[in-house]
Structure formats: C-alpha cells, structure tokens
Visitor: 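Quick one: structure below, then a few questions.
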Amino acid sequence: MNLNRVAAVILASGFSQRFGADDKLLSRLNGKPLAAHSAALISALPFHNATAIVPAGNTKLMQLYKEARIEPIENHNADLGQGASLALAINHIKNSSVDAALILLADMPFATAEHIKKLADRMDDQDAVASRHDDVPQPPLLFARSTFEALAALSGDKGGKAFLVTLDSKAFVDMPQREATDIDTPEALAQAQASVK
C-alpha cells in the first residue's frame, strides 16, 4: 500500500501519570521535545494527511505539530482514555479518501520510516497490520478502512491494541527493541537520552 493512501494519526493526549508533574511530550530528548521526534518521522513521509490528537488547551504541543505540518485536533475528553482518543481521530479522517490509518504514539521517539514502510508493504487484504516485539503486538498499527466504523465507535481506555485482538484478518511485522521503546517515566527518558549520546 502506498503511504499516499494512508492517513497518519499521532496519539498525544494521554495523561502521562507515571511521568510526574512535567509535560512528558515537551520534555527534552536529544535537544528537542520528545513529541518532536515522532512528529518529524510522520512529516517526512508522504502520507495523504496527518493529524495529532492533543489535550485541549495545550497550546505548546499544538504549535509543535503545526510547525511539523501535522494538524492538531484538541481532545476535550482525554479523561475517557485511549479508545476515545482513537475514535476521535478516526471520526476526523474517515471521510477523507484514504484506504488505511496509521496509528503511532507520540512517545515513541525511535520508530523508523523503514518500519512504517514495512507495515504498509504487508497491508494486502488484511484488516490490520501491527508491529510486534517479543511476540507482543504494539503500535505503530495500520488499520484498513474496513475497520474505521468500529474504530470510530471505541470508548474508554481500550485502544488499538485491544481492538486488534478482535480482528480475524491481521498481519504482523517484527520491531527491534529500540524502535519499540516508548517513554513512560523520567527514568525511561534518562535512559533514552543516554543512548543517543
């Protein structure tokens, strides 16, 4: 599947409770905000369009995505969980002329263009193609248009990974440990920073 037939979605409206009082996605990694790493990845690829789901009122994060040419969508119900965030994204893009949606978490700074292209290459007649590390499915996830109606109805904290389990037609692309890293704690951020020095 060509990426120009895919809508990219970055989920960036979680509460990051394990990170403490600081804004995790604006914390610095290798000289720039954590969120800027996944934003740069998405903006460099030829997606049909790209959106980011951000907490309502977070003007700094919204500006970060605007500068990366990614449309920020304010999530006024971030407390409802990742499923509701994903539904908001799908409802926003479902009327565009795309064949699939790529879902990426904003706190995955080491995901690569090569891996995303592998996901797209595996998308034949499947409903979804998921990344996998140590036999555990995880984002980035690629969902076919055939799943949009169900995704748009998600609620609560059951997001893309939980929805993936319900699908019969799916494929997987293995992902190296580094690329699979997501940053949940200050300690994880410090480890990631040490790894890029």
Side-chain angles (χ1 to χ4, degrees), residues 1-14 35 37-53 65 68-73 75 81-154 157-182:
M1 176 177 289
N2 290 328
L3 291 181
N4 61 14
R5 303 297 304 164
V6 177
V9 173
I10 298 177
L11 297 182
S13 65
H37 294 267
S38 53
L41 169 66
I42 293 302
S43 65
L45 291 169
F47 289 106
H48 182 276
N49 56 284
T51 60
I53 306 302
Y65 286 117
R69 303 184 308 280
I70 296 170
E71 180 185 11
I73 305 298
N75 185 359
Q82 192 180 104
S85 297
L86 182 52
L88 175 63
I90 297 299
N91 275 298
H92 181 73
I93 67 170
K94 66 182 181 181
N95 293 325
S96 62
S97 57
V98 297
D99 297 326
L102 177 90
I103 312 301
L104 177 66
L105 303 183
D107 62 0
M108 297 184 72
F110 303 126
T112 64
E114 180 183 9
H115 181 75
I116 288 175
K117 290 173 182 175
K118 287 180 180 178
L119 294 175
D121 288 344
R122 288 296 307 276
M123 179 60 89
D124 296 319
D125 296 325
Q126 288 90 5
D127 289 326
V129 181
S131 304
R132 182 172 57 187
H133 175 66
D134 285 344
D135 291 325
V136 178
Q138 67 174 76
L141 302 161
L142 190 61
F143 288 111
R145 173 170 283 280
S146 58
T147 67
F148 282 10
E149 183 176 353
L151 286 169
L154 290 178
D157 205 37
K158 291 187 176 180
K161 286 173 60 177
F163 178 74
L164 182 73
V165 174
T166 70
L167 300 175
D168 293 326
S169 175
K170 52 184 177 271
F172 299 93
V173 176
D174 287 328
M175 193 178 197
Q177 180 177 358
R178 179 175 174 78
E179 293 180 31
T181 301
D182 61 345

Visitor: Between P137 and L164, which heavy-atom pair has the shortest distance, and what is it?
Guide: CB-CD2, 3.7 Å
Visitor: Kindly indicate whether the side chain of L154, heavy atoms from C-beta on, has any atom under 4.5 Å from the side chain of I90.
Guide: no
Visitor: Just grab all the side-chain hydrogen bond (donor to acceptor under 3.5 Å, both in side chains) pairs involving residues 133-152, residues at least two apart or on different chains.
Guide: D127-S146
Visitor: Taking salt bridge (Lys or Arg N to Asp or Glu O under 4.0 Å) as the test, write out the residues that go with K117, two or more places apart.
Guide: none
Visitor: Looking at residues at least two apart in the chain, or sitting in another chain, which of them share a side-chain hydrogen bond (donor to acceptor under 3.5 Å, both in side chains) with T112?
Guide: E179
Visitor: Quick one: ring pair (Phe, Tyr, Trp, His ring centres under 6.0 Å) pairs with a partner in residues 158-182, sequence neighbours left out?
Guide: F143-F163
Visitor: Give a yes-or-no answer on whether the side chains of S131 and H115 include a donor-acceptor pair shorter than 3.5 Å.
Guide: yes
Visitor: Quick one: CD on Q82 to CG on L105, what's the gap to the nearest 0.5 Å?
Guide: 5.5 Å
Visitor: Show me the side-chain donor-acceptor pairs of residues 2-9 shorter than 3.5 Å, one per line, residues at least two apart or across chains.
Guide:
| unit_1 | atom_1 | unit_2 | atom_2 | d |
| --- | --- | --- | --- | --- |
| R5 | NE | D99 | OD2 | 3.1 |
| R5 | NH1 | S97 | O | 3.3 |
| R5 | NH2 | S97 | O | 3.2 |

Visitor: Between D121 and V173, is any pair of side-chain heavy atoms under 4.5 Å apart?
Guide: no
Visitor: I want to check something: taking the side chain as every heavy atom from C-beta on, are L167 and Q126 in contact at a cut-off of under 4.5 Å?
Guide: no
Visitor: Ignoring hydrogens, what is the shortest heavy-atom contact between S38 and L104? Give both atom names and the distance.
Guide: CB-CD2, 3.8 Å
Visitor: Find the distance between CD1 (I53) and CG (L88) and round it off to the nearest 0.5 Å.
Guide: 4.5 Å
Visitor: Any idea which heavy atoms bring I10 and A39 closest together, and the distance?
Guide: CD1-CA, 4.0 Å
Visitor: Between S13 and N75, which heavy-atom pair has the shortest distance, and what is it?
Guide: OG-ND2, 3.1 Å
Visitor: For M123 and A128, which heavy atoms make the closest approach, and how far apart are they?
Guide: CE-CA, 4.0 Å
Visitor: Can you confirm whether V98 sits close enough to F148 that some side-chain heavy atom of one is under 4.5 Å from a side-chain heavy atom of the other?
Guide: yes
Visitor: What residues, two or more places apart in sequence or in another chain, satisfy salt bridge (Lys or Arg N to Asp or Glu O under 4.0 Å) together with R132?
Guide: D174
Visitor: Give, for atom OG of S43 and atom OH of Y65, the distance between the pair rounded to the nearest 0.5 Å.
Guide: 11.0 Å
Visitor: Grab the two heavy atoms, one from A171 and one from R122, that are nearest each other, plus how far apart they are.
Guide: CB-NH2, 3.3 Å
Visitor: In Å, rounded to the nearest 0.5 Å, how long is the span from CD1 of I103 to OG of S85?
Guide: 11.0 Å
Visitor: Can a donor-acceptor pair be found, under 3.5 Å and without considering hydrogens, that links the side chain of T166 to the backbone of A162?
Guide: no
Visitor: Can you check side-chain contact (heavy atoms from CB on, under 4.5 Å) on L102 and L45, steps first, answer last?
Guide: CA-CA 12 Å; L102 177 90; L45 291 169; over 6 Å; no
Visitor: Distance-only, no hydrogens or angles: does the D107 side chain make a donor-acceptor pair with backbone N or O of D182 under 3.5 Å?
Guide: no
